[in-house]
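Notes follow once the structure below has been shown.
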Amino acid sequence: MKTVSWIIWIGILVAVFFLGRCSKKCAAVETVKVETVTETRVDTVTIVEPVETLRTEIRRDTIEAPADTLYLPGDTVRIEVPIETKEYRDTLYALQIEGYRPRLNWVEVYPRTEYVYRTETKTVNTPARRWALGPAFAYGYDIKNNHWAPFVGVSVQYALWSW
């Protein structure tokens, strides 16, 4: 009878071992979360009396003006007026004006600056360990003495399921 019980216990242990080997393995779970935030800022740059870089006379125009402080019909003088273009350039702006004695008093430009913030979160879960060695406090059937008894000792354990 003792050999039959030992064979049954060994058969159960072998069956549990192979059942655990055939069970689904715990694969590493990897979660990647990428969050991108784009922030656009508008900066104000004020330029007072910018420096002229290019002056070109493109044509001359004729205007009629009164010859005296008193305006009388037919009392006019023809005056040639230069029509100019002026260019103002810098790393922040570029503009061109045209006319008689053109003058630029001030310029405001609004360069747009984009800031991109990227947050990446990566989570890796390691698989659960199947084998363990630890203390055992149990109550079970003693095959040697054929009765129920407490057991205290060290045990080797194999986890079939993990949660």
Side-chain angles (χ1 to χ4, degrees), residues 12-139 152-163:
I12 290 173
L13 289 176
V14 169
V16 166
F17 176 76
F18 283 111
L19 183 66
R21 298 292 282 174
C22 295
S23 66
K24 182 179 176 183
K25 295 194 182 208
C26 299
V29 176
E30 184 174 318
T31 304
V32 177
K33 176 185 170 188
V34 177
E35 182 179 323
T36 304
V37 176
T38 303
E39 178 183 333
T40 303
R41 290 188 185 167
V42 178
D43 299 325
T44 302
V45 178
T46 304
I47 302 159
V48 179
E49 301 263 349
V51 180
E52 168 185 321
T53 57
L54 178 66
R55 178 187 283 190
T56 308
E57 186 177 313
I58 55 173
R59 69 177 188 276
R60 290 193 167 259
D61 208 357
T62 304
I63 62 168
E64 293 183 0
D68 202 354
T69 55
L70 292 171
Y71 179 72
L72 298 171
D75 187 18
T76 58
V77 177
R78 292 185 176 262
I79 303 171
E80 272 192 25
V81 179
I83 306 297
E84 299 174 336
T85 64
K86 289 185 180 180
E87 286 187 13
Y88 297 87
R89 291 190 184 272
D90 195 355
T91 57
L92 300 174
Y93 65 91
L95 60 102
Q96 181 182 35
I97 57 172
E98 179 180 308
Y100 173 68
R101 288 190 182 170
R103 184 163 192 265
L104 184 64
N105 292 330
W106 56 270
V107 174
E108 282 188 6
V109 292
Y110 304 100
R112 295 184 179 271
T113 307
E114 286 193 3
Y115 299 96
V116 178
Y117 303 103
R118 183 179 175 128
T119 305
E120 187 169 323
T121 306
K122 190 173 188 177
T123 305
V124 177
N125 295 335
T126 57
R129 292 186 285 166
R130 295 239 181 225
W131 290 98
L133 177 70
F137 306 100
Y139 191 80
V152 176
V154 177
S155 69
V156 175
Q157 303 164 1
Y158 183 79
L160 293 177
W161 299 281
S162 54
W163 55 88

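Counting from 1, the numbers follow the sequence of the chain as shown.
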How long is the gap from CZ on Arg89 to CD on Gln96, to the nearest 0.5 Å?
8.0 Å
Can you find a heavy atom in the side chain of Glu84 that is under 4.5 Å from one in the side chain of Lys86?
yes
Could you state the interatomic distance from CD (Glu114) to OG1 (Thr40), rounded to the nearest 0.5 Å?
4.0 Å
Side-chain contact test, heavy atoms from C-beta onward, threshold under 4.5 Å: evaluate it for Ile97 versus Tyr88 and give yes or no.
yes
Going by heavy atoms in the side chains, are Arg60 and Val81 under 4.5 Å from each other?
no
Determine whether Val116 and Thr36 make a side-chain contact, defined as any pair of heavy atoms from C-beta on separated by less than 4.5 Å.
yes
